[in-house]
Amino acid sequence: MRDEKLTYSDLQKLYSDDVLSAVLKASRGRNYLWHVALPKSGTTWLSNIIGQMYQSRGGVVGQLVPDYGTRPQEIDPRYFINTAGKDVFFRQQHCVWSRYTERLVRLTQTKIVFQHRDLLDVLMSLRDHIDDAIHGSQVEKHTLPPGIKNLDEQQILDYVIDVQLPWYCTFLDGWMTSELAGEPEIFHTVRYEELVDSPIATLKKMVSALNLGFEDEEIQAAYNLAGEGFTRRNKGVIGRGKLTLSDIQLDRIKRIVQYYNLQLEL
């Protein structure tokens, strides 16, 4: 058999958008569910529950990024193809909406669970996370800007508002005003507050809206199992933002949010 080597031209064709589109269209016999979530909105908890549901039926739990780290969490199209199994759940990812991301979602007919939370409470949880990184977790220290390491809690909150909040607004605005958000059969929203208040009812609503096919007993069992594992709910106090943020800080938040199609819960 003759040894044939791929030419550079062959590789260009292989990695072209046309070939990628054809390959992704060929995967449409598989069922993809992707958990897209605003950071600090109980994402680990919900992903654990849904993951338990899929694994109970022999489904696969995967991810759409090669490494979370500090890299922007864009979809990597290879992971639609490389993940084995017909029924696949992709764990939580903080991926900003883009036209290209929506194109990949539609090519693969992926359904989305979109999770978010009261923005003021998110800012409080983010402040706690940064404070822990400064004084506790060694893992997170390398992600901090040098000027933040000697700040107190209120100063850290100022940093979160001035520097981090615009990204959070961009994330919410992008997904919630996308065309996908207007298609409830493929895009379902879960609020952290609803999940905490009525977890089983919220999960049943999600399963029904996206036609995932799980029975009530499977939902309850997955919820029970996920509750035994590690989650980050220890700081997920509802309503904390309104009670903690100063009037000056609230005014700054309002000024930033007004540039986006978002509603603050004040």
Side-chain angles (χ1 to χ4, degrees), residues 1 3-39 43-115 139 143 171 174-175 178-180 183 185-188 190 206-207 210-214 218 222 225-226 229-232:
M1 184 174 181
D3 182 21
E4 295 185 359
K5 293 183 179 180
L6 287 173
T7 66
Y8 187 75
S9 178
D10 292 330
L11 289 172
Q12 285 181 312
K13 292 177 183 177
L14 182 62
Y15 283 90
S16 69
D17 280 342
D18 288 343
V19 171
L20 174 62
S21 296
V23 171
L24 292 179
K25 285 179 181 178
S27 71
R28 284 184 174 176
R30 308 169 77 191
N31 303 312
Y32 297 118
L33 177 66
W34 182 28
H35 182 195
V36 181
L38 185 72
T43 58
T44 302
W45 184 30
L46 182 56
S47 259
N48 285 349
I49 296 171
I50 301 175
Q52 289 287 350
M53 290 163 58
Y54 271 71
Q55 289 173 331
S56 72
R57 285 195 172 185
V60 175
V61 177
Q63 61 187 50
L64 278 175
V65 285
D67 189 323
Y68 287 92
T70 56
R71 70 189 295 275
Q73 293 184 14
E74 294 287 346
I75 286 180
D76 187 330
R78 296 175 302 167
Y79 284 75
F80 285 107
I81 305 161
N82 291 348
T83 306
K86 181 179 179 181
D87 297 310
V88 181
F89 168 60
F90 294 119
R91 290 186 62 86
Q92 81 265 30
Q93 190 178 341
H94 312 311
C95 178
V96 176
W97 177 89
S98 70
R99 187 167 53 192
Y100 182 67
T101 294
E102 179 163 336
R103 176 171 172 261
L104 293 177
V105 166
R106 292 193 182 280
L107 277 172
T108 55
Q109 297 182 331
T110 296
K111 296 178 180 180
I112 292 176
V113 176
F114 180 75
Q115 184 177 2
V139 177
T143 67
F171 177 93
W175 282 107
S178 69
E179 291 186 4
L180 287 168
E183 301 177 41
E185 69 281 2
I186 62 172
F187 188 101
H188 180 72
V190 170
M206 174 195 74
V207 167
L210 296 176
N211 194 26
L212 300 179
F214 292 100
E218 294 174 297
L225 286 171
F230 168 77
T231 71
R232 301 183 186 272

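We find the CZ-CD distance between Phe187 and Glu179 to be 12.5 Å, quoted to the nearest 0.5 Å. Taking CG from Leu24 and CZ from Arg30, the interatomic distance works out to 10.5 Å, rounded to the nearest 0.5 Å. Atom CZ of residue Phe90 and atom CG of residue Leu64 lie 4.0 Å apart, to the nearest 0.5 angstrom. Distance CG/Leu46 to CD/Gln115: 4.5 Å, rounded to 0.5 Å. Annotation: the span from Met206 atom CE to His188 atom NE2 amounts to 7.0 Å, rounded to 0.5 Å. Taking CG of Leu180 as the reference point, atom OG1 of Thr101 lies at 10.0 Å (rounded to 0.5 Å).
Minimum interatomic distance between Val65 and Glu74 (heavy atoms only, all atoms of both residues): CG1-O, 3.2 Å. Scanning both residues, Asp76 and Pro66, for their nearest heavy atoms gives OD2-CD, 3.8 Å. Nearest heavy-atom pair across Phe214 and Met53 is CE2-O, 3.1 Å. Smallest separation of non-hydrogen atoms from Val36 and Ile112: CG2-CG2, 3.8 Å. Leu212 and Lys111 get closest at one heavy-atom pair: CD2-CD, 4.5 Å. Considering all non-hydrogen atoms of both residues, Val19 and Leu14 come closest at CG1-O, 3.4 Å.
No side-chain heavy atom of Arg103 sits under 4.5 Å from any side-chain heavy atom of Arg99. For the pair Tyr54/Leu33, a side-chain contact is recorded, criterion being any heavy-atom separation below 4.5 Å from C-beta on. Counting heavy atoms from C-beta on, the side chains of Lys13 and Ser9 come closer than 4.5 Å. A 4.5 Å side-chain heavy-atom check between Ile75 and Trp34 finds at least one atom pair inside the cut-off. Using a 4.5 Å heavy-atom threshold, the side chains of Leu38 and Phe114 count as separate.
The closest donor-acceptor contact from the side chain of Tyr32 to the backbone of Thr108 lies at 3.5 Å or more, if one exists at all. The backbone N or O of Cys95 lies less than 3.5 Å from a partner atom in the side chain of Trp175, making a donor-acceptor pair. Judged purely by atom type and a 3.5 angstrom limit, Gln55 has no side-chain atom pairing as donor or acceptor with the backbone of Val61. Judged purely by atom type and a 3.5 angstrom limit, Ser47 has no side-chain atom pairing as donor or acceptor with the backbone of Thr44. At distances below 3.5 Å, not a single donor-acceptor pair connects side-chain atoms of Arg91 with backbone N or O atoms of His35. Under the 3.5 Å distance criterion, the side-chain polar atoms of Thr83 are matched with a main-chain donor or acceptor of Tyr79.
A side-chain donor-acceptor contact under 3.5 Å links Thr7 and Asp10.
Partners of Arg57 under the salt bridge (Lys or Arg N to Asp or Glu O under 4.0 Å) rule, at least two apart in sequence or in another chain, are Glu218.
Counting non-hydrogen atoms of other residues, nucleotides and ligands closer than 6.0 Å to CD of Glu185 gives a total above 12.
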